[in-house]
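Keep in mind that what you see is a predicted model, and the values were worked out from it rather than measured. The first residue in the sequence is number 1, and the count goes up from there.
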Amino acid sequence: MAITVVGSVAYDSIETPAGRRERCLGGAATYFSLAASYFTNVRVIAVVGEDFGPEQEAVFAARNIDTRGIERAPGKSFFWEGSYLENINEAKTHNTELNVFASFEPKIPDAYRDSDFLFLANIDPVLQRRVRDAMPGVKLVAGDTMNYWIKDHRPALLEVLKGLDVLLINDTEARMLAGNTNLVQAARGVMALGPRALVVKHGEYGATLFHEITPKGRKAELHTFRAPALPLKEVIDPTGAGDSFAGGFFGYLASQLEPTPAAWRHAMFYGGVMGSYACERFGTERLQQISRSEIDARFNLFREITHLD
(Lines give C-alpha, C1' and ligand atoms only; values in the text may rest on other atoms or scores of the structure.)
Protein backbone atom coordinates (compact mmCIF):
# COMPACT_ATOMS: atom_id res chain seq x y z
CA MET A 1 0.00 0.00 0.00
CA ALA A 2 1.28 3.47 -0.84
CA ILE A 3 0.44 6.89 0.56
CA THR A 4 0.73 10.04 -1.52
CA VAL A 5 1.14 13.19 0.58
CA VAL A 6 0.89 16.73 -0.74
CA GLY A 7 2.25 19.57 1.39
CA SER A 8 5.28 21.66 2.21
CA VAL A 9 8.97 20.77 2.21
CA ALA A 10 10.73 23.65 3.89
CA TYR A 11 13.52 25.03 6.03
CA ASP A 12 12.95 26.06 9.66
CA SER A 13 15.02 28.14 12.05
CA ILE A 14 13.98 27.16 15.56
CA GLU A 15 14.78 28.35 19.06
CA THR A 16 13.69 26.53 22.22
CA PRO A 17 14.97 26.44 25.81
CA ALA A 18 17.28 23.64 24.61
CA GLY A 19 19.04 25.86 22.06
CA ARG A 20 18.77 27.07 18.50
CA ARG A 21 19.08 25.50 15.06
CA GLU A 22 19.32 27.36 11.77
CA ARG A 23 17.60 26.14 8.60
CA CYS A 24 16.59 22.64 9.70
CA LEU A 25 14.83 20.54 7.11
CA GLY A 26 11.13 20.85 7.88
CA GLY A 27 7.67 21.24 6.40
CA ALA A 28 4.47 19.26 6.95
CA ALA A 29 5.09 16.83 4.09
CA THR A 30 8.62 16.16 5.35
CA TYR A 31 7.59 15.24 8.88
CA PHE A 32 4.59 13.26 7.68
CA SER A 33 6.51 11.26 5.08
CA LEU A 34 9.39 10.40 7.43
CA ALA A 35 6.99 9.19 10.14
CA ALA A 36 4.77 7.24 7.72
CA SER A 37 7.74 5.63 5.94
CA TYR A 38 8.32 3.30 8.91
CA PHE A 39 4.98 1.63 8.11
CA THR A 40 4.39 1.81 4.36
CA ASN A 41 5.55 3.29 1.05
CA VAL A 42 5.32 7.07 0.79
CA ARG A 43 5.23 9.40 -2.21
CA VAL A 44 5.61 13.19 -1.87
CA ILE A 45 4.15 16.06 -3.87
CA ALA A 46 5.74 19.41 -3.01
CA VAL A 47 7.88 22.23 -4.38
CA VAL A 48 11.39 23.29 -3.35
CA GLY A 49 13.85 25.92 -4.49
CA GLU A 50 17.42 25.87 -5.67
CA ASP A 51 18.61 25.70 -2.05
CA PHE A 52 17.29 22.14 -1.74
CA GLY A 53 20.33 20.01 -2.44
CA PRO A 54 21.77 16.49 -2.22
CA GLU A 55 21.98 16.60 1.59
CA GLN A 56 18.25 17.20 1.91
CA GLU A 57 17.40 14.72 -0.84
CA ALA A 58 19.41 12.09 1.02
CA VAL A 59 17.10 12.39 4.04
CA PHE A 60 14.18 11.18 1.93
CA ALA A 61 16.28 8.62 0.04
CA ALA A 62 17.46 7.02 3.29
CA ARG A 63 13.83 6.14 4.09
CA ASN A 64 13.05 5.06 0.49
CA ILE A 65 10.55 7.90 0.12
CA ASP A 66 9.55 8.56 -3.49
CA THR A 67 10.39 12.18 -4.32
CA ARG A 68 9.51 12.21 -8.02
CA GLY A 69 6.61 14.51 -7.10
CA ILE A 70 8.87 17.17 -5.58
CA GLU A 71 9.16 19.96 -8.13
CA ARG A 72 12.38 22.01 -8.32
CA ALA A 73 11.66 25.68 -9.05
CA PRO A 74 13.89 28.75 -9.46
CA GLY A 75 14.22 30.63 -6.19
CA LYS A 76 14.31 29.70 -2.52
CA SER A 77 12.34 27.07 -0.60
CA PHE A 78 9.60 27.88 1.91
CA PHE A 79 11.18 29.18 5.13
CA TRP A 80 9.76 29.55 8.66
CA GLU A 81 11.42 30.98 11.76
CA GLY A 82 9.91 30.56 15.21
CA SER A 83 10.58 30.10 18.90
CA TYR A 84 9.13 28.30 21.93
CA LEU A 85 10.85 30.33 24.64
CA GLU A 86 7.65 31.59 26.30
CA ASN A 87 5.64 28.37 26.00
CA ILE A 88 7.10 25.07 24.79
CA ASN A 89 3.63 24.05 23.56
CA GLU A 90 3.02 27.11 21.41
CA ALA A 91 5.22 28.46 18.63
CA LYS A 92 5.83 32.17 18.25
CA THR A 93 6.36 32.97 14.58
CA HIS A 94 9.09 35.50 13.79
CA ASN A 95 9.32 35.16 10.04
CA THR A 96 7.56 33.34 7.20
CA GLU A 97 8.86 33.40 3.63
CA LEU A 98 6.69 31.49 1.17
CA ASN A 99 9.18 31.86 -1.69
CA VAL A 100 8.54 29.16 -4.35
CA PHE A 101 5.65 27.81 -2.27
CA ALA A 102 3.66 30.97 -3.05
CA SER A 103 3.05 29.76 -6.62
CA PHE A 104 2.80 26.04 -5.82
CA GLU A 105 0.64 24.11 -8.29
CA PRO A 106 0.71 20.42 -7.31
CA LYS A 107 1.70 18.12 -10.17
CA ILE A 108 0.83 14.44 -9.77
CA PRO A 109 3.27 12.03 -11.44
CA ASP A 110 1.55 9.23 -13.37
CA ALA A 111 3.36 6.73 -11.12
CA TYR A 112 1.47 8.14 -8.11
CA ARG A 113 -2.03 7.64 -9.50
CA ASP A 114 -2.34 4.07 -8.26
CA SER A 115 -1.86 5.19 -4.63
CA ASP A 116 -4.27 3.59 -2.20
CA PHE A 117 -4.09 6.39 0.37
CA LEU A 118 -3.92 10.17 0.10
CA PHE A 119 -2.95 12.71 2.76
CA LEU A 120 -3.67 16.39 2.19
CA ALA A 121 -1.31 18.24 4.53
CA ASN A 122 -1.92 21.78 5.73
CA ILE A 123 -1.98 23.86 2.53
CA ASP A 124 -4.48 26.06 0.68
CA PRO A 125 -7.79 24.13 0.52
CA VAL A 126 -8.10 25.03 -3.16
CA LEU A 127 -4.94 23.02 -3.82
CA GLN A 128 -6.10 20.22 -1.52
CA ARG A 129 -9.31 19.86 -3.51
CA ARG A 130 -7.49 19.83 -6.85
CA VAL A 131 -5.33 16.93 -5.74
CA ARG A 132 -8.29 15.10 -4.24
CA ASP A 133 -10.33 15.48 -7.42
CA ALA A 134 -7.38 14.31 -9.52
CA MET A 135 -7.04 11.07 -7.52
CA PRO A 136 -10.59 9.67 -7.32
CA GLY A 137 -9.45 6.05 -6.99
CA VAL A 138 -7.80 6.25 -3.57
CA LYS A 139 -9.31 4.08 -0.83
CA LEU A 140 -8.88 6.46 2.10
CA VAL A 141 -8.29 10.21 2.20
CA ALA A 142 -7.13 12.13 5.26
CA GLY A 143 -6.37 15.80 5.64
CA ASP A 144 -5.18 18.57 7.90
CA THR A 145 -5.94 22.27 8.09
CA MET A 146 -5.43 25.25 10.43
CA ASN A 147 -7.19 28.25 11.93
CA TYR A 148 -6.19 30.56 9.05
CA TRP A 149 -8.00 28.44 6.46
CA ILE A 150 -10.97 27.88 8.80
CA LYS A 151 -11.39 31.59 9.45
CA ASP A 152 -10.56 33.22 6.11
CA HIS A 153 -11.10 30.47 3.51
CA ARG A 154 -14.08 28.60 4.93
CA PRO A 155 -16.08 28.08 1.68
CA ALA A 156 -13.10 26.44 -0.04
CA LEU A 157 -12.34 24.35 3.05
CA LEU A 158 -15.93 23.11 3.28
CA GLU A 159 -15.61 21.74 -0.26
CA VAL A 160 -12.48 19.84 0.78
CA LEU A 161 -14.18 18.36 3.84
CA LYS A 162 -16.84 16.76 1.64
CA GLY A 163 -14.15 14.58 0.09
CA LEU A 164 -12.32 13.55 3.27
CA ASP A 165 -12.62 10.29 5.16
CA VAL A 166 -10.51 11.53 8.09
CA LEU A 167 -9.71 15.03 9.34
CA LEU A 168 -6.86 15.65 11.79
CA ILE A 169 -6.92 19.00 13.63
CA ASN A 170 -6.30 20.32 17.14
CA ASP A 171 -9.01 20.99 19.70
CA THR A 172 -9.05 24.76 19.14
CA GLU A 173 -9.50 24.25 15.41
CA ALA A 174 -12.27 21.69 15.93
CA ARG A 175 -14.23 24.10 18.10
CA MET A 176 -13.66 26.94 15.62
CA LEU A 177 -14.71 24.86 12.63
CA ALA A 178 -17.92 23.64 14.30
CA GLY A 179 -18.70 26.87 16.15
CA ASN A 180 -19.17 24.96 19.39
CA THR A 181 -17.03 25.03 22.55
CA ASN A 182 -18.12 21.53 23.67
CA LEU A 183 -15.67 19.11 22.10
CA VAL A 184 -18.12 16.21 21.64
CA GLN A 185 -20.71 18.45 20.05
CA ALA A 186 -17.99 20.09 17.96
CA ALA A 187 -16.89 16.66 16.74
CA ARG A 188 -20.44 15.86 15.64
CA GLY A 189 -20.60 19.22 13.88
CA VAL A 190 -17.32 18.69 12.03
CA MET A 191 -18.27 15.17 10.95
CA ALA A 192 -21.59 16.47 9.63
CA LEU A 193 -19.51 18.50 7.15
CA GLY A 194 -18.14 15.35 5.51
CA PRO A 195 -15.40 13.41 7.33
CA ARG A 196 -16.55 10.09 8.75
CA ALA A 197 -13.76 10.22 11.31
CA LEU A 198 -12.15 13.05 13.23
CA VAL A 199 -8.86 12.99 15.13
CA VAL A 200 -8.52 15.86 17.59
CA LYS A 201 -4.96 16.49 18.73
CA HIS A 202 -4.40 17.84 22.25
CA GLY A 203 -0.63 18.39 22.13
CA GLU A 204 1.07 17.09 25.26
CA TYR A 205 -2.26 15.59 26.42
CA GLY A 206 -2.68 13.12 23.57
CA ALA A 207 -5.45 12.86 20.98
CA THR A 208 -9.08 11.79 20.67
CA LEU A 209 -10.61 9.78 17.84
CA PHE A 210 -14.26 10.24 16.94
CA HIS A 211 -15.81 7.97 14.34
CA GLU A 212 -19.19 6.44 13.64
CA ILE A 213 -19.85 2.74 14.03
CA THR A 214 -23.06 0.97 13.08
CA PRO A 215 -23.90 -2.01 15.32
CA LYS A 216 -25.93 -4.70 13.57
CA GLY A 217 -29.58 -3.75 13.48
CA ARG A 218 -29.01 -0.38 15.16
CA LYS A 219 -28.46 3.22 14.15
CA ALA A 220 -24.97 4.64 13.74
CA GLU A 221 -23.31 5.65 17.01
CA LEU A 222 -20.46 8.07 17.68
CA HIS A 223 -17.52 6.08 18.99
CA THR A 224 -14.82 7.84 20.99
CA PHE A 225 -11.30 6.65 21.76
CA ARG A 226 -8.71 8.64 23.70
CA ALA A 227 -4.98 8.00 23.33
CA PRO A 228 -2.50 9.60 25.72
CA ALA A 229 0.74 11.37 24.97
CA LEU A 230 3.92 9.81 26.31
CA PRO A 231 5.38 11.85 29.20
CA LEU A 232 8.83 12.96 28.00
CA LYS A 233 11.69 13.87 30.31
CA GLU A 234 12.62 16.74 28.00
CA VAL A 235 11.04 18.30 24.95
CA ILE A 236 13.78 19.63 22.68
CA ASP A 237 11.66 20.85 19.76
CA PRO A 238 7.90 20.28 19.27
CA THR A 239 7.94 21.53 15.67
CA GLY A 240 6.39 18.92 13.42
CA ALA A 241 4.99 16.79 16.24
CA GLY A 242 1.46 17.06 14.86
CA ASP A 243 2.55 16.18 11.32
CA SER A 244 4.58 13.25 12.69
CA PHE A 245 1.51 12.09 14.61
CA ALA A 246 -0.45 12.19 11.36
CA GLY A 247 2.29 10.21 9.59
CA GLY A 248 2.36 7.51 12.25
CA PHE A 249 -1.44 7.36 12.42
CA PHE A 250 -2.12 7.22 8.69
CA GLY A 251 0.99 5.19 7.90
CA TYR A 252 -0.09 2.46 10.30
CA LEU A 253 -3.64 2.42 8.88
CA ALA A 254 -2.17 2.06 5.40
CA SER A 255 -0.16 -0.95 6.54
CA GLN A 256 -3.28 -2.85 7.60
CA LEU A 257 -5.38 -5.03 5.30
CA GLU A 258 -8.62 -3.66 6.74
CA PRO A 259 -9.33 -0.51 8.80
CA THR A 260 -10.90 -2.44 11.68
CA PRO A 261 -11.81 -0.73 14.99
CA ALA A 262 -8.68 -2.28 16.51
CA ALA A 263 -6.56 -0.88 13.66
CA TRP A 264 -7.90 2.63 14.30
CA ARG A 265 -7.04 2.39 18.00
CA HIS A 266 -3.56 1.05 17.28
CA ALA A 267 -3.07 3.84 14.76
CA MET A 268 -3.80 6.43 17.45
CA PHE A 269 -1.04 4.95 19.62
CA TYR A 270 1.43 4.78 16.75
CA GLY A 271 0.63 8.41 15.97
CA GLY A 272 1.52 9.30 19.54
CA VAL A 273 4.74 7.31 19.27
CA MET A 274 5.92 9.18 16.18
CA GLY A 275 4.88 12.55 17.59
CA SER A 276 6.91 11.87 20.74
CA TYR A 277 10.02 10.98 18.74
CA ALA A 278 9.76 14.20 16.75
CA CYS A 279 10.05 16.21 19.97
CA GLU A 280 13.32 14.60 21.11
CA ARG A 281 15.65 16.41 18.69
CA PHE A 282 15.63 19.55 16.58
CA GLY A 283 13.86 19.32 13.25
CA THR A 284 13.68 15.84 11.76
CA GLU A 285 16.90 14.58 13.39
CA ARG A 286 15.25 11.99 15.63
CA LEU A 287 12.86 10.74 12.96
CA GLN A 288 15.86 9.97 10.79
CA GLN A 289 17.59 7.90 13.48
CA ILE A 290 14.97 5.53 14.90
CA SER A 291 14.31 1.91 13.97
CA ARG A 292 11.04 0.01 13.66
CA SER A 293 11.99 -2.06 16.72
CA GLU A 294 12.33 1.14 18.77
CA ILE A 295 8.95 2.29 17.51
CA ASP A 296 7.28 -0.97 18.51
CA ALA A 297 8.99 -0.89 21.92
CA ARG A 298 7.59 2.58 22.56
CA PHE A 299 4.18 1.44 21.34
CA ASN A 300 4.28 -1.30 23.99
CA LEU A 301 5.24 1.32 26.57
CA PHE A 302 2.11 3.27 25.59
CA ARG A 303 0.08 0.11 26.18
CA GLU A 304 1.64 -0.43 29.59
CA ILE A 305 0.93 3.08 30.90
CA THR A 306 -2.72 2.86 29.80
CA HIS A 307 -3.46 -0.73 30.89
CA LEU A 308 -5.94 -0.89 33.76
CA ASP A 309 -5.86 -4.57 34.84
Enumerate, atom names and distances included, each donor-acceptor pair closer than 3.5 Å involving a side-chain atom of residues 181-197, sequence neighbours excluded.
from	atom 1	to	atom 2	distance (Å)
Asn182	OD1	Val184	N	3.1
Asn182	OD1	Gln185	N	3.0
Gln185	OE1	Asn180	ND2	3.0

List in chain and number order the residues that pass ring pair (Phe, Tyr, Trp, His ring centres under 6.0 Å) with Phe78, two or more places apart in sequence or in another chain; answer none if no residue qualifies.
-> Phe101
Which donor-acceptor pairs under 3.5 Å do the side chains of residues 261-268 make with protein atoms, sequence neighbours left out?
from	atom 1	to	atom 2	distance (Å)
Trp264	NE1	Pro259	O	3.1
His266	ND1	Ala262	O	2.8

What are the two closest non-hydrogen atoms of Thr30 and Ala10, and how far apart are they?
-> OG1-N, 4.4 Å
Between atom CG of Leu167 and atom CG of Asp144, what is the distance when rounded to the nearest 0.5 Å?
-> 7.0 Å
Would you list the atom pairs, donor with acceptor, under 3.5 Å between side chains in residues 49-56 and any protein atom, with sequence neighbours excluded?
from	atom 1	to	atom 2	distance (Å)
Glu50	OE1	Gly75	N	3.2
Asp51	OD1	Ser77	N	3.1
Asp51	OD1	Ser77	OG	2.7
Asp51	OD2	Arg23	NH2	3.0
Asp51	OD2	Ser77	N	3.3
Gln56	OE1	Tyr11	OH	3.3
Gln56	OE1	Gly53	N	2.8

Listed partners of Glu173 passing salt bridge (charged side-chain N to carboxylate O under 4.0 Å, His left out), at least two apart = none
How far apart are the closest heavy atoms of Val200 and Ala174, and which atoms are they?
-> CG2-CB, 4.3 Å
State which residues pass salt bridge (charged side-chain N to carboxylate O under 4.0 Å, His left out) with Asp124; sequence neighbours excluded, sorted by chain then number.
-> none
Which heavy atom in Ser33 sits nearest to a heavy atom in Val42, and how many Å separate them?
-> CB-CG1, 3.6 Å
Using the ring of Tyr38 (Phe, Tyr or Trp, six-membered ring only), decide whether Arg63 places NZ or CZ under 6.0 Å from its centre and within 45 degrees of its axis.
-> yes
Leu140 side, atom CG; Asp116 side, atom CG - distance, nearest 0.5 Å | 10.0 Å
Where do Glu97 and Lys76 land on the salt bridge (charged side-chain N to carboxylate O under 4.0 Å, His left out) test, with the steps shown first?
-> CA-CA 9 Å; Glu97 299 173 9; Lys76 293 184 178 181; 5.7 Å; no
Contacts of type ring pair (Phe, Tyr, Trp, His ring centres under 6.0 Å), residue Phe60, not counting sequence neighbours | none
Any donor-acceptor N or O pair under 3.5 Å, side chains Ser276, Arg298 | yes
Compute whether any side-chain donor of one residue and acceptor of the other, for Tyr31 and Thr239, lie under 3.5 angstrom apart.
-> no
Go through the structure and list residues passing ring pair (Phe, Tyr, Trp, His ring centres under 6.0 Å) with Phe117, not counting sequence neighbours.
-> Phe250
Minimum heavy-atom distance Gln128-Ala121, with the two atoms named | NE2-O, 2.9 Å
Might you point out which heavy atoms bring Tyr112 and Thr67 nearest each other, and give the distance in Å?
-> OH-C, 3.8 Å
Minimal heavy-atom distance between Ala36 and Ile3, with the atoms involved, is CB-CD1, 4.4 Å
Side-chain hydrophobic cluster, 4.5 Å single linkage: members besides Tyr148 | Met146, Trp149
Who passes salt bridge (charged side-chain N to carboxylate O under 4.0 Å, His left out) against Asp171, sequence neighbours left out?
-> none
Examine distances only and state if a side-chain atom of Arg281 and a backbone atom of Gln288 form a donor-acceptor pair shorter than 3.5 Å.
-> no
Excluding sequence neighbours, so at least two apart, what forms ring pair (Phe, Tyr, Trp, His ring centres under 6.0 Å) with Phe32?
-> Phe119
Atom pair CD1/OG of Ile45 and Ser115 - distance to nearest 0.5 Å | 7.5 Å
Let me see the working for Arg43 and Asp114 under salt bridge (charged side-chain N to carboxylate O under 4.0 Å, His left out), right down to the final yes or no.
-> CA-CA 11 Å; Arg43 302 159 170 175; Asp114 64 348; 2.8 Å; yes
Considering residues, nucleotides and ligands other than Leu257, do more than 12 of their heavy atoms fall under 6.0 Å from its CG?
-> no
side-chain hydrogen bond (donor to acceptor under 3.5 Å, both in side chains) filter on Lys162, not counting sequence neighbours, yields Glu159
Does the Arg68 side chain pair with the main chain of Ala111, one donor and one acceptor, at a distance under 3.5 Å?
-> no
Which is it for Lys92 and Glu81 under the salt bridge (charged side-chain N to carboxylate O under 4.0 Å, His left out) test, yes or no, and what are the steps along the way?
-> CA-CA 9 Å; Lys92 182 178 181 180; Glu81 180 181 5; over 6 Å; no
